[in-house]
Amino acid sequence: KCRLGVDNHDTWDEMVQFIKIVSEEGGVRKFILHARKCFLKGLNPKENRNIPPLKYDWVFRLSKEFPDLHFVINGGFDGIEKI
C-alpha cells in the first residue's frame with residue numbers, strides 16, 4: 001500500500017518510475033494505492049487523509065499503462081454508493 005506521492009515528489013513520471021522499479025526489481029504485482037499524496041510536514045495524519053486532493057484518474061491510468069499489474073484504489077470512500 002502506498003500513496004501517489006510524498007511532499008514535492010508527486011509527478012506522474014515519478015509515480016510511473018516508482019511502479020516500474022517496485023514491480024520489475026521487487027516483484028510486486030499488486031498495488032493498493034491511497035489515491036492522494038501525503039505531506040510529511042505540515043499536515044497531521046487525519047489531515048493527510050482529507051486535504052490532499054484524490055486522484056482516482058491516476059490509478060485508472062496506471063491500470064492501463066501496466067495491464068499485467070493489479071491496482072486497488074484506497075481513500076475517500078465513505079459509503080458503498082461511492083465505490
Side-chain angles (χ1 to χ4, degrees):
K1 183 175 179 182
C2 64
R3 296 278 186 133
L4 293 181
V6 177
D7 295 328
N8 292 325
H9 299 284
D10 63 345
T11 67
W12 172 254
D13 290 337
E14 288 172 310
M15 188 72 227
V16 168
Q17 186 64 22
F18 171 78
I19 296 295
K20 283 181 183 179
I21 290 170
V22 173
S23 63
E24 293 171 5
E25 296 179 24
V28 175
R29 312 304 300 157
K30 181 178 182 179
F31 293 83
I32 301 171
L33 296 173
H34 190 106
R36 67 176 92 229
K37 72 183 234 175
C38 73
F39 291 96
L40 296 179
K41 292 183 180 181
L43 296 180
N44 65 41
K46 182 179 180 186
E47 291 170 327
N48 262 308
R49 290 189 300 270
N50 297 303
I51 292 175
L54 289 161
K55 295 181 180 180
Y56 294 140
D57 60 312
W58 278 31
V59 182
F60 296 129
R61 284 177 65 191
L62 289 168
S63 294
K64 290 179 182 176
E65 188 148 336
F66 298 94
D68 296 335
L69 302 177
H70 183 71
F71 294 92
V72 177
I73 294 177
N74 176 261
F77 298 111
D78 58 6
I80 291 187
E81 61 280 349
K82 287 190 178 180
I83 295 171

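As the structure is a computational prediction, the values presented were derived from the model and not from experiment.
- We find the NZ-CE distance between K55 and M15 to be 10.5 Å, quoted to the nearest 0.5 Å.
- Distance check: R36 CZ to R49 CZ gives 9.5 Å after rounding to the nearest 0.5 Å.
- No side-chain donor-acceptor contact under 3.5 Å links Q17 to the backbone of D13.
- Put simply, NZ on K1 and CG on N74 are 4.0 Å apart, with the number rounded to the nearest 0.5 Å.
- When all heavy atoms of G76 and L54 are compared, the closest pair comes out as CA-CD1, 3.9 Å.
- Residue-environment remark: CG (N8) stays at or below the threshold of 12 foreign heavy atoms within 6.0 Å.
- At distances below 3.5 Å, not a single donor-acceptor pair connects side-chain atoms of K37 with backbone N or O atoms of R3.
- The NZ atom of K20 sits 11.5 Å away from atom CG of L69, with the distance rounded to the nearest 0.5 Å.
- Here ring-ring contact (aromatic ring centres under 6.0 Å, His included) pairs that include residues 60-83, with residues two or more places apart or in two chains, are F31-F71, Y56-F77.
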Open item on the list: Apply side chain to side chain contact (heavy atoms under 4.5 Å, CB included) to residues H9 and F18 and explain how you reach the verdict.
Closed with: CA-CA 11 Å; H9 299 284; F18 171 78; over 6 Å; no

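- In plain terms, the two heavy atoms of L33 and C2 that are nearest each other are CD2-SG, 3.2 Å.
- Cluster annotation: L62 is not connected to V72 through the hydrophobic network of ILVMFWY side chains, with a link wherever side-chain heavy atoms come within less than 4.5 Å.
- Atom-to-atom distance recorded for T11:OG1 and L4:CG is 11.5 Å, nearest 0.5 angstrom.
- Hydrophobic clustering places V28 together with I73 (ILVMFWY residues linked when any side-chain heavy atoms are closer than 4.5 Å, directly or through intermediates).
- Residues passing the salt bridge (Lys or Arg N to Asp or Glu O under 4.0 Å) test with D68: none are found, sequence neighbours excluded.
- Grouped with I51 in one hydrophobic cluster are F39, L43, the linkage being side-chain heavy-atom contacts under 4.5 Å among Ile, Leu, Val, Met, Phe, Trp and Tyr residues.
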